[in-house]
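Taking it in order: structure first as structure tokens, then the write-up.
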Amino acid sequence: MATVNENYLSLQGSYLFSTIAKKVREYEETHPDANIIRLGIGDVTKPLVPAVIDALHKAVDEMSSALTFHGYAPDLGYDFLRSKIAENDFKARGIDISSDEIFVSDGAKSDTSNIQEIFAADSKVAVCDPVYPVYVDSNVMAGRAGEFDSDLMAYKRLIYMPCTKENDFVPELPKETPDLIYLCFPNNPTGMAITKERLQGFVDYALKHNAVILYDSAYEAYISDPSLPHSIYECAGAKECAIEFRSFSKNAGFTGLRLGFTVVPKDLKLSGTSLHSLWARRHGTKFNGAPYIVQRAGEAVYSPEGKEQVKKQVLDYLKNASFLKAGLEKAGFTVFGGENSPYIWLKTPNDMTSWDFFDLLLSKVNIVGTPGSGFGRSGEGYFRLTAFNTFENSALAIERIKAASLL
């Protein structure tokens, strides 16, 4: 008799952003004239830059001829893209990462959830709190998280590293020793960055305890402070204890194309076993490769024209973030993030719960954000807004918030 994977029964409700979409859809059905400004899900709004569009058109034309047609992509990625990534994202910063240590995929979300498959089923997992839900949910599905404690709003087997105002939203080293440590900086959802010194502390800790850091660097393009690290491999010893994930979604607007990559150094081994080899085996077995057309588009991001064009888009989103932060502060809110990140992390007013503030914003000013509690117990009482809308809508959102006197 077939039975279900009971680990899935431990998942709490639906995926956070599915819940938000459902609530917004229900509101629109009863308020058809509402002009809703969406600052919730981290989807970009700017179109693909000209260099990328040109590369897409050229690649599509290639697919129309038998001489230049491409079928299945290499499962680990085309060399033309992997070499550009190694050269521009790592070697240009003095980091020795080779092209064959780069695995091209359809995005960081897929890889950060799938990477846990190459580790033991009883691995102890540490996550930041608040946390991007995928890190938690994928390990719940694998049976590593244990039962959910509704009183503590936490899974019993996970090790939570609180990110609070008191520690500048950067976690302390875990007191209970984990096997896997998920980190994301600049952080989603808090928008805070990590210094090289504090990141080196995590690397030293992982080396000491034979742990592996799973480092999500999807938002590194938004770092404007030159003292902050863009990659964990800027830290000494990181190639022996860390896997890094990157995405083209936020730096180049590929949310509709889907492209990312994961770096697994050959120096990273557990009990003599190469994680590079394991991930290559898993990747080749379960992933058919990102499409040729999309990988050519990714290659164009690294062209001289592409670099300038995507840099301008990133600066435009950072302008939105800075404007939102300043406007909210003038309106009396306590606000974090928004400087090296596209995310604003604000304290809800008058001790409101995160979901109550969601309902207030939606009903009173027709603005959609993301409740902090959806990212974990330490997110309760906070709220995330994104800078990925237009500047005009960002300005309109601030006007509405100021006029509504929400405090």
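Residue numbers run from 1 in the order of the sequence given.
With hydrogens and angles left out, the side-chain atoms of Ser123 and Asp179 include no donor and acceptor closer than 3.5 Å. No side-chain donor-acceptor contact under 3.5 Å links Asp216 and Thr112. Asp96 and Tyr233 are not linked by any side-chain donor-acceptor pair at a separation below 3.5 angstrom, with hydrogens and angles left out of the test. Side-chain atoms of Asn188 and Arg384 include a donor-acceptor pair closer than 3.5 Å. Counting only N and O atoms by type, the side chains of Thr195 and Glu197 include no donor and acceptor under 3.5 Å apart. Side-chain contact of Arg246 with Thr262: a donor-acceptor pair under 3.5 Å is absent, judged by distance alone.
With Phe391 as the aromatic partner, Lys319 meets the cation-pi criteria of under 6.0 angstrom to the ring centre and within 45 degrees of the ring axis. The cationic atom of Lys156 (NZ for Lys, CZ for Arg) does not lie both less than 6.0 Å from the six-membered ring centre of Phe148 and within 45° of the ring axis.
Within 6.0 Å of the NZ atom in Lys347, the count of heavy atoms belonging to other residues, nucleotides or ligands exceeds 12.
Once rounded to the nearest 0.5 Å, the distance linking CZ of Phe261 with CZ of Arg82 reads 11.5 Å. Atoms CZ and NZ, on Arg296 and Lys58 in that order, are 7.0 Å from each other to the nearest 0.5 Å. Rounded to the nearest 0.5 angstrom, Tyr292 OH and His70 NE2 are separated by 3.5 Å. For the atom pair CE of Met141 and CG of Asn7, the computed distance is 10.0 Å after rounding to the nearest 0.5 Å. Rounding to the nearest 0.5 Å gives a distance of 11.0 Å between CG of Leu183 and CD of Glu244. Between the SG atom of Cys241 and the CD1 atom of Ile232 there is a distance of 6.0 Å, given to the nearest 0.5 Å.
For Tyr219 and Tyr343, the gap between ring centers is short of 6.0 Å.
Ser274 places no side-chain N or O within 3.5 Å of a backbone atom of Lys269 that could act as its donor or acceptor partner. Asp359 places no side-chain N or O within 3.5 Å of a backbone atom of Asp356 that could act as its donor or acceptor partner. In terms of modelled atom types and a separation under 3.5 Å, the side chain of Asn340 and the main chain of Ser224 share a donor-acceptor contact. A donor-acceptor pair is defined here as one N or O able to donate and one able to accept, closer than 3.5 Å; such a pair exists between the side chain of Asn167 and the backbone of Pro162. The backbone N or O of Leu318 sits nowhere less than 3.5 Å from a side-chain atom of Ser322 that would complete a donor-acceptor pair. A side-chain donor-acceptor contact under 3.5 Å links Tyr160 to the backbone of Tyr155. Checked by atom type and distance alone, the side chain of Arg282 never pairs as donor or acceptor with a backbone atom of Glu117 at under 3.5 Å. No donor-acceptor distance shorter than 3.5 angstrom exists from the side chain of Arg400 to the backbone of Lys364, with no hydrogens or angles considered. In this structure, the side chain of Thr348 engages the main chain of Gly381 through a donor-acceptor pair within 3.5 Å.
The aromatic rings of Tyr182 and Tyr135 lie parallel to each other, their planes meeting at an angle below 30°, with 60° marking the opposite boundary. The aromatic rings of Trp345 and Phe169 sit perpendicular to each other, their planes meeting at more than 60°, with 30° as the lower class boundary. Ring pair Trp279/His283 is tilted by interplanar angle, where 30° to 60° counts as tilted.
Counting heavy atoms from C-beta outward, Val44 and Gln313 have side chains that stay 4.5 Å or more apart. Annotation: side chain of Val125 is not in contact with side chain of Gln116 (no heavy-atom distance under 4.5 Å). Between Asn366 and Tyr27 the shortest side-chain heavy-atom distance falls below 4.5 Å. Under the 4.5 Å side-chain criterion, counting only non-hydrogen atoms from C-beta, Phe119 is not in contact with Asn139.
Annotation for Leu385 and Gly369: closest pair CD2-CA, 3.9 Å, computed over non-hydrogen atoms. When every heavy atom of Asn350 is checked against every heavy atom of Leu406, the shortest pair comes out as ND2-O, 4.0 Å. Shortest non-hydrogen contact noted between Ile194 and Leu228 is O-CD2, 3.5 Å. When all heavy atoms are compared, the tightest approach of Leu199 to Ser231 is CD2-O, 4.4 Å. Gly237 and Leu207 make their closest contact through O-CD2, 3.7 Å (heavy atoms, listed as atom of the first residue, atom of the second, distance). Of all the heavy atoms in Pro229 and Lys196, the pair that sits closest is CD-N, 3.5 Å.
The residues Lys22 and Glu26 are annotated as salt-bridged, a charged nitrogen and a carboxylate oxygen being separated by less than 4.0 angstrom. Using a 4.0 Å cut-off between charged nitrogen and carboxylate oxygen, Glu101 and Lys91 do not count as a salt-bridge pair.
Across Glu87, Glu220, Glu234, a single residue satisfies salt bridge (Lys or Arg N to Asp or Glu O under 4.0 Å) together with Arg93, and that is Glu234.
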